[in-house]
Amino acid sequence: IKVYMIGPVSDEMEATEKMLKRAGIHVEQAEAQRDWHNFFVAKAVEDAENDVPHEERTYAFTGDYGQNIMFPHFGDEQPGSTYYFSQLTMLNFGLVNHAH
């Protein structure tokens with residue numbers, strides 16, 4: 001990302017330019033990571049469809065950690081008298097095998 005400034009450059013403008021450069025690098029890294037992930041997901045699906053032997057197969061798993069899920073979950077709002085009850089907070093972890 002190139003940022004062009006005309007006139008005297010203030011500390012605030014320099015900080016903004018650095019932030020924009022870091023954000024651009026972050027976006028490029030995220031895109032590269034996504035491409036890498038998609039490559040292995042496609043390979044895992046292909047291996048599963050072609051019944052590649054277990055010891056030669058590529059597997060792709062994705063884990064996702066969700067924080068502070070309220071139980072019971074009432075949606076966006078708590079209806080009626082349950083508004084005053086303290087809900088139980090749970091932590092959850094999900095795992096996906098993309099080949100199945």
Side-chain angles (χ1 to χ4, degrees):
I1 293 177
K2 292 183 179 181
V3 178
Y4 298 97
M5 297 183 195
I6 300 172
V9 179
S10 67
D11 290 342
E12 185 177 315
M13 293 172 94
E14 284 183 19
T16 300
E17 182 179 1
K18 287 180 184 178
M19 183 210 47
L20 289 172
K21 286 180 181 179
R22 285 194 310 268
I25 291 168
H26 173 76
V27 168
E28 290 172 357
Q29 290 172 338
E31 289 172 350
Q33 237 178 0
R34 174 61 63 189
D35 291 343
W36 188 249
H37 170 78
N38 288 338
F39 169 80
F40 283 104
V41 167
K43 178 80 170 99
V45 170
E46 179 183 336
D47 286 358
E49 289 173 348
N50 294 329
D51 290 325
V52 173
H54 170 73
E55 62 275 1
E56 297 174 14
R57 186 177 289 192
T58 297
Y59 290 91
F61 297 94
T62 299
D64 185 25
Y65 176 68
Q67 299 180 33
N68 301 329
I69 295 174
M70 301 302 219
F71 182 80
H73 180 67
F74 297 117
D76 291 338
E77 297 179 19
Q78 292 182 339
S81 62
T82 60
Y83 179 79
Y84 297 100
F85 296 147
S86 295
Q87 294 178 323
L88 174 65
T89 300
M90 301 183 326
L91 306 174
N92 74 327
F93 181 77
L95 190 63
V96 175
N97 178 355
H98 291 279
H100 296 284

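Heavy-atom basis, side chains included; hydrogens, waters and symmetry copies ignored.
Between the side chains of His54 and Tyr59, at least one donor N or O sits under 3.5 Å from an acceptor N or O.
With sequence neighbours excluded, the residues forming a side-chain contact (heavy atoms from CB on, under 4.5 Å) with Glu56 are Val52, Pro53, listed by chain and number.
Distance check: Phe40 CZ to Thr62 OG1 gives 12.5 Å after rounding to the nearest 0.5 Å. In this structure, CD on Glu46 lies 8.0 Å from CD on Glu49, to the nearest 0.5 angstrom. How far CG of Asp11 is from OG1 of Thr16: 10.5 Å, rounded to the nearest 0.5 Å. Note that the OG1 atom of Thr58 and the NE2 atom of His98 stand 13.5 Å from one another [nearest 0.5 Å].
Residues Tyr65 and Leu95 share a hydrophobic cluster, clusters being chains of Ile/Leu/Val/Met/Phe/Trp/Tyr side chains in contact below 4.5 Å. Grouping the Ile, Leu, Val, Met, Phe, Trp and Tyr side chains by contacts below 4.5 angstrom, directly or via other members, places Phe93 with Phe61.
Heavy-atom contacts from other residues, nucleotides or ligands closer than 6.0 Å to NE2 of His26 number 12 or fewer.
In terms of heavy atoms, Ala44 sits closest to Ala60 at CB-N, 3.7 Å.
Comment: Glu17 engages Lys21 in a salt bridge, judged by a side-chain N to carboxylate O separation of less than 4.0 angstrom.
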